[in-house]
Amino acid sequence: MSPRLIDTHCHVDHLDGDPSLALAEARALGVGAFVLPTITPAMWPSAAALAAAHPDVHLGLGLHPCALDDLSDAEVDDALDDLPRLIALHGAVALGEIGLDHRAARDDERLARQRRVFERQLTIALEAGLPPIIHCVEAHGLMLEVWSRHPCGGNLPGVLHAFTGSAEMVARYCRAGLFISFAGPITWPGALKPAAACRAVPDDRLLIETDAPYQSPHPHRGSPNSPDRLPLIAAKVAEVRGASVDAIAALTTENARRLFGLG
Ligand SMILES: [Zn+2]
């Protein structure tokens, strides 16, 4: 029997075709639950409806740093003012995805705005008692600084999703109370840095995800991703850690249940 895996980051609402079919195909390969993170307030209602229609799809609500350019300060404020109510209404299990993207920011002013919005969402996460799902691109130093200074740091677990940083950063993030999740890039040929980072994650902080429809694992790189490819990522994580797939499935599933409070 296939091990039961949890896809801790799957944009079910962005998948090609009928999401119900994609979910069914993933379930048939042993993916037992999915966390659906959101990007921007306009997508919150449809994602919430999708999660409500599928009991094994668990909702994250958040404002992604890369969506900020399309929103005015007033629109951001209105959305975040309403976010605590929506979290309760829809039974969200996470704040996400939120974070810092230095590549997308392009300048200090945009990065400072990302930081303000991220910090405000961390406060909402803390008040709701929900783990943040964190997107971080080319901003790991700043991320650690923000996380450590915020009241969240040390008081709330969270996850660095689709991690592509170094093994040294893994150690620092784990000391700061965070989980580390690996996606398709760890399977890409020649991906030595993610493999080294993956080996550095303690058993009780390791997660896996597809980030579908993005970041397809090998040999599907370049084509739209789907959650039925999570077993490819689990197999690669098992290989680089010298563990069995069953062992990786068991511990990542237990970690995901603990982090997101899944039954
Ligand atoms: Zn994502």
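When a ligand or atom number is given, it counts from 1 through the structure's own listing order.
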- Message: Before you tell me yes or no, could you show the steps for Glu145 and His140 under side-chain hydrogen bond (donor to acceptor under 3.5 Å, both in side chains), namely the whole-Å CA-CA distance, both residues' side-chain angles and the distance that decides it to 0.1 Å?
- Response: CA-CA 9 Å; Glu145 182 192 322; His140 288 297; over 6 Å; no

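The N, O or S atom of His9 with the smallest distance to the Zn ion (ligand 1) is NE2. Distances from the Zn ion (ligand 1) to each N, O or S atom of Glu97 single out OE2 as the nearest. Shortest distance from the Zn ion (ligand 1) to His11 is reached at NE2 (N/O/S atoms only).
No salt bridge links Asp246 with Arg4; every basic N to acidic carboxylate O contact stays at or beyond 4.0 Å. A salt bridge links Asp77 to Arg120: one of the charged nitrogens lies within less than 4.0 Å of a carboxylate oxygen. Taking a cutoff of 4.0 Å between a charged side-chain nitrogen and a carboxylate oxygen, Arg106 and Asp69 qualify as a salt bridge.
In this structure, His58 has its ring center no closer than 6.0 Å to that of Phe260.
Taking backbone and side chain together, His161 holds no N, O or S atom under 2.8 Å from the Zn ion (ligand 1). The distance from the Zn ion (ligand 1) to the nearest N/O/S atom of His64 is not under 2.8 Å.
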